[in-house]
Structures are given as structure tokens and as C-alpha cells.
Amino acid sequence: MAKRKTKFVCQDCGYEVAKWLGKCPGCNNWNTFVEEIEITGGRQKQAFQTGNRSVGKPEKITAIKSQQEPRVTTDMKEFNRVLGGGIVPGSLVLVGGDPGIGKSTLLLQISSQLADKSLSVLYISGEESTRQTKLRADRLGVTSDELYVLAETNLLDIANQIEAIKPSFVVIDSIQTVYREEITSAPGSVSQVRECTSELMKIAKTNGIPIFIVGHVTKEGTIAGPRLLEHMVDAVLYFEGERHHTYRILRGVKNRFGSTNEMGIFEMKEAGLREVLNPSEIFLEERSQGASGSTVVASMEGTRPVLVEIQALISPTAFGNPRRMATGVDQNRVPLLMAVLEKRVGLMLQNQDAYIKVAGGVRLDEPAIDLAIAVSIASSFRDQPTKPEDIFIGEVGLTGEIRRVSRIEQRVQEAAKLGFKRVICPKNNLGGWTTPNNIEIIGVNTVQEALQIGVSR
């Protein structure tokens with residue numbers, strides 16, 4: 001006879017306790033515990049049998065033959081780039097993003113492109129009916145007969161349909177709506193999301209079917225559900241951007257088959273998403289000429305150099321404590337660089353409000369943008385513009401030195417291609433590579449040298 005036992009599970013991190021608690025010991029969040037019923041003994045929940053179970057044996061690593069995983073490419077080069085070159089058979093990919101950002105539109109377009117290559121695709125929608133999906137498909141111009149649409153949330157029925165149709169690709173939109181009947185908690189809970197993702201992973205690995213899962217995000221911008229969800233899948237992609245702007249950024253934060261630093265740029269049109277092959281021109285097309293506080297940096301996003309404008313606004317504070325705000329860069333990097341400018345250059349910034357922004361909605365994390373931020377702060381403070389044909393690249397140390405960066409040759413080539421005339425970079429990066437003929441490379445050792453060259457008094 002099965003016994004019923006209640007437990008309380010945190011809906012943010014999956015921490016389990018026997019009685020209700022106001023604050024979760026695992027993630028320190030309040031009022032996140034929900035009561036769930038656990039069945040012990042008797043009828044246990046059975047895992048779906050998706051193939052013949054074979055017992056593996058240990059092998060010597062030297063005896064294992066390495067082979068390149070075959071990939072299926074789509075017509076979107078930006079999507080292929082983020083995945084590391086294409087879709088790997090049997091992979092489980094999680095796609096997250098804010099509501100209305102275009103996750104369903106992106107995956108429906110990808111499904112249509114795969115179906116046009118005579119590859120069967122099963123698109124499972126748990127939030128929309130088949131007619132609603134058809135309306136979006138008509139707007140996107142989807143007309144392939146190899147694309148199948150199913151409105152279902154029961155995982156057992158979904159598994160049966162996958163077994164019957166045997167598609168080449170599967171899309172689940174979204175994982176928070178799928179449920180297992182054996183689990184008593186509501187769809188979207190920690191237990192449901194964990195178990196459903198585990199079964200989908202077994203289906204993908206056993207049958208070699210790539211499965212794309214759409215995941216909701218929380219107010220903090222992270223994928224809802226337990227962190228275990230991101231550990232189970234092979235790749236985690238974030239679809240970012242402002243709903244009121246046309247540009248979208250697809251960024252990989254986890255990828256077992258490629259780099260996690262790749263970024264794809266898309267533009268939202270009436271007929272769907274259109275890939276942007278040269279994002280540097282997009283980010284710089286509205287740059288103001290002759291404005292102080294504006295610099296351009298060549299940042300590496302995976303294997304691609306991207307030229308982005310960094311803007312700074314320095315103004316006297318009206319409060320006791322000056323404000324330090326940053327959009328697109330690390331919030332803690334701004335006061336650190338301002339302290340270096342005060343100590344090593346002599347700029348009196350302690351009574352100034354500082355606002356830093358990366359134009360275009362891009363987020364930059366690498367240290368090579370330090371010099372551009374410092375120059376933009378000094379330019380705004382002195383109210384002296386930088387030259388519009390200058391590029392600033394380099395990491396700034398606490399003693400004011402400019403440290404070398406990686407892949408300087410690709411950064412300089414991208415700057416030369418877009419018509420920039422000078423690159424101010426670390427002196428240690430000079431030599432060992434061929435510089436383009438139509439651009440001047442200036443090496444600097446300190447922040448003060450860079451300001452003397454780039455910002456006139």
C-alpha cells in the first residue's frame with residue numbers, strides 16, 4: 001500500500017524540508033516553500049522506456065575513438081554560430097528570455113527552415129492552440145508539410161507522439177506547462193520541471209533527437225525553476241533585448257558543443273526575425289559626432305569582434321554621496337576605474353555623479369573595455385570629445401598600467417574595415433602580427449598616456 005507523505009519544496013532552488021519555513025536555507029529567499037505530496041512505497045513513478053536499456057562497461061580513454069559530432073545547420077548563420085556551428089543530434093537545448101521577446105517566433109522560424117530541408121519537426125505548444133500557432137506561421141510564411149504542430153501538456157502523450165511520428169527535431173514551448181500525472185504538484189513547480197526535463201533528456205539521448213525547450217524567466221532575468229534545470233541540458237541560450245526596440249541578442253551561457261561567449265544579433269520585422277550579419281555598423285550608426293563622453297571599443301564576443309560605443313555622463317552631484325550607475329557593464333567596474341583616474345591621473349571625481357551606458361543594449365564583460373570606459377569618463381569630465389576615428393582597447397590595472405588583451409589582430413582588422421584611423425592599445429600587444437596599412441596603431445603603457453593621446457585638454 002502506497003503511503004502519502006507531505007514535503008515542502010522551495011520553488012526557486014528546489015530545497016526540500018519536512019515542515020514549512022518562511023525563509024529558504026538554500027537560496028535565502030522568503031515565502032518560496034510550497035507543499036507537495038510524495039508517494040513512498042507501493043506504486044512508484046515509472047520512467048518512460050524509450051529504448052532498449054544497455055549496461056555500459058568502463059573503457060580505457062586511449063581506446064575510445066574520437067569523432068567529430070555531425071551537425072545540422074539552419075539558414076540562420078547567427079543561430080548556427082551561437083550553437084557552435086549547428087545543431088548536434090541528441091542535444092537538449094534550453095532557450096530562455098523575457099515574455100514577448102520572440103522565443104516562439106525564433107524557434108518557429110528555425111523549425112520552418114529545418115522542415116524545408118525535408119526534416120520532420122514536431123512543434124509542441126503548451127501555451128497556445130494549434131490555430132494560434134497557425135496564425136503565427138502564416139505571418140512568418142511557414143508552408144512546409146514536414147512541420148507538425150501539437151497542442152499538449154501531458155508528458156506521457158507527448159512521448160507517445162514522438163514515438164509515433166519519429167521526428168528529426170522537437171520543440172517544447174514551454175517546459176513550465178508540461179506535467180507528469182504521477183507528480184501531484186502543479187505544472188511549473190520544481191518537481192514537475194525537474195522530472196519532465198529528465199524524461200525529455202532520456203528521449204533526446206536515446207533516440208538521437210535534438211529537443212529545444214523554451215523556459216520562462218524570473219524577475220531577476222534568470223530561468224525559472226531549479227538551477228538543476230540548466231545543469232541537465234546541453235546548451236542554455238538567452239534571448240535578450242528590449243521589447244520596444246527591434247534588435248534582439250541571442251547569447252549562449254552554456255554549451256557543451258561550442259563556445260559560451262558567442263552572440264547572435266537579430267532584428268525583429270513584421271515577417272519575423274532577420275539576422276544582422278554586421279552588428280558593428282548597427283551599434284555605431286547613430287553615434288553623435290563631436291560629443292564628449294563617447295568612445296568606441298572593439299570587444300570580442302566569442303570569435304567575433306564587435307565595435308560598440310561606450311557613453312559616459314559626468315556631472316556635479318547634488319547629494320552627499322555621488323551616484324554611480326552603469327548599463328551594459330559591471331556596476332562595480334565604474335567606481336574602480338574612477339578611483340584609478342583620481343589616484344593616477346589626478347581627476348577630482350569624488351563629487352561627481354557618473355552614468356555609464358553601452359549603446360545598443362549590448363552587455364560587455366571582458367576586461368579589454370576598461371580603457372574605453374576610463375577615456376569616456378575623462379572626456380565627459382573635461383568636456384573634451386575624443387576623435388571620432390579613434391578606437392580604445394586595453395585592460396586597466398589598479399596602478400594605472402594598461403595590460404595586454406587577447407586577439408588584438410582581429411579587433412584591429414574589424415576597426416580598419418569600418419573606417420577607423422587610429423587604435424590606442426596596450427604597448428605589449430604590439431609586434432608579432434601584421435597591422436593593416438590604412439590604420440595607425442599607438443601603444444600606451446599607462447592611462448595617462450592614453451588620455452594625452454585621445455582626450456585633449
Side-chain angles (χ1 to χ4, degrees), residues 78 81-84 94-98 101 217-218 220-223 227 230 235-242 245 247-256 258-266 276 279-280 282-284 294-312 324-341 354-377 391-398 401-412 414-415 425-426 429 447:
E78 297 293 293
R81 175 197 296 272
V82 176
L83 284 178
L94 177 62
V95 181
D98 294 331
I101 204 67
V217 296
T218 62
E220 291 78 16
T222 59
I223 295 180
R227 298 293 297 179
E230 298 187 19
V236 180
L237 309 180
Y238 275 92
F239 206 38
E240 305 170 349
E242 297 291 337
H245 294 78
Y247 295 109
R248 304 287 188 267
I249 299 174
L250 183 66
R251 188 188 303 273
V253 297
K254 175 189 176 181
N255 192 353
R256 289 173 178 164
S259 173
T260 57
N261 298 319
E262 295 290 354
M263 178 183 68
I265 311 294
F266 299 89
V276 178
S280 297
I282 300 297
F283 295 142
L284 299 177
S294 172
T295 59
V296 177
V297 63
S299 176
M300 293 298 299
E301 293 293 336
T303 58
R304 162 194 281 172
V306 179
L307 269 58
V308 185
E309 179 188 7
I310 295 181
Q311 299 176 340
R324 305 284 188 260
M325 297 184 63
T327 302
V329 296
D330 186 6
Q331 188 82 26
N332 298 322
R333 184 170 293 181
V334 176
L336 185 147
L337 293 175
M338 294 183 69
V340 173
L341 290 175
Y355 305 92
I356 310 297
K357 178 182 179 182
V358 179
V362 185
R363 179 163 186 85
L364 305 178
D365 296 322
E366 66 165 345
I369 67 173
D370 287 349
L371 181 59
I373 297 176
V375 171
S376 64
I377 292 174
I391 293 281
F392 297 89
I393 307 170
E395 178 185 356
V396 177
L398 294 182
E401 81 279 10
I402 307 298
R403 296 177 173 268
R404 69 167 65 240
V405 298
S406 62
R407 300 189 179 183
I408 186 65
E409 187 174 3
Q410 291 93 323
R411 302 174 196 261
V412 173
E414 181 71 13
C425 66
N429 274 120
V447 178

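None of these values were measured; they are calculated from a predicted model.
For the atom pair CE of M300 and CD1 of I408, the computed distance is 10.0 Å after rounding to the nearest 0.5 Å. Interatomic distance, E414 CD to I391 CD1, rounded to the nearest 0.5 Å: 9.5 Å. We find the CD1-CD distance between I356 and Q311 to be 10.0 Å, quoted to the nearest 0.5 Å. Note that SG of C425 and CG of L371 are 9.5 Å apart. Values are rounded to the nearest 0.5 Å.
Here the closest heavy-atom approach between residue A368 and residue V405 is recorded as CB-CG1, 3.5 Å. In this structure, A354 and V334 approach most closely via the heavy-atom pair CB-CG1, 4.4 Å. Nearest heavy atom pair, residue R81 against residue M263, reads CD-O, 3.8 Å. Between G360 and F283 the shortest heavy-atom distance is O-CE2, 3.9 Å. Heavy-atom minimum distance, F266 versus V276: C-CG2, 4.1 Å. Between L307 and S280, the shortest heavy-atom distance links the atoms N-OG, 3.0 Å.
The side-chain hydrogen bond (donor to acceptor under 3.5 Å, both in side chains) test applied to R404 returns no partner, not counting sequence neighbours. E366 meets the side-chain hydrogen bond (donor to acceptor under 3.5 Å, both in side chains) test with S299, R411; sequence neighbours excluded. Partners of S294 under the side-chain contact (heavy atoms from CB on, under 4.5 Å) rule, at least two apart in sequence or in another chain, are R287, E309. Shown here are the salt bridge (charged side-chain N to carboxylate O under 4.0 Å, His left out) partners of R403, two or more places apart in sequence or in another chain: E401. Under the side-chain contact (heavy atoms from CB on, under 4.5 Å) criterion, A235 pairs with V93, N255, sequence neighbours left out. Legend: residues meeting side-chain contact (heavy atoms from CB on, under 4.5 Å) with S376, ordered by chain and number and at least two apart, are T295, I310, A312.
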| Derivation of the side-chain contact (heavy atoms from CB on, under 4.5 Å) call for L364 and V297 | CA-CA 10 Å; L364 305 178; V297 63; 4.2 Å; yes

| Step-by-step side-chain contact (heavy atoms from CB on, under 4.5 Å) determination, I377 to L341 | CA-CA 9 Å; I377 292 174; L341 290 175; 3.8 Å; yes

| task | Verify side-chain contact (heavy atoms from CB on, under 4.5 Å) between E262 and T303, making sure each step is shown before the conclusion. | result | CA-CA 7 Å; E262 295 290 354; T303 58; 3.0 Å; yes

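Residues I265 and I282 form no side-chain contact, since every pair of their non-hydrogen atoms from C-beta on lies 4.5 Å or further apart. Between V447 and I402, some side-chain heavy-atom pair lies under the 4.5 Å cut-off. Counting only heavy atoms from C-beta outward, the side chains of E78 and L250 never approach each other to under 4.5 Å. Side-chain contact check for L398 versus V340: some heavy-atom pair is nearer than 4.5 Å. Between R363 and I249, the closest side-chain pair of non-hydrogen atoms is not below 4.5 Å.
No more than 12 heavy atoms of other residues, nucleotides or ligands sit less than 6.0 Å from atom NZ of K357.
Of the possible polar contacts, none joining the D370 side chain to the L337 backbone as a donor-acceptor pair under 3.5 Å is found. Within the 3.5 Å criterion, the main-chain N or O of R304 finds no donor-acceptor partner in the side chain of Q410.
A salt bridge does not link E230 with K254: every distance from a Lys NZ or Arg NE/NH1/NH2 to an Asp or Glu carboxylate oxygen is 4.0 Å or more.
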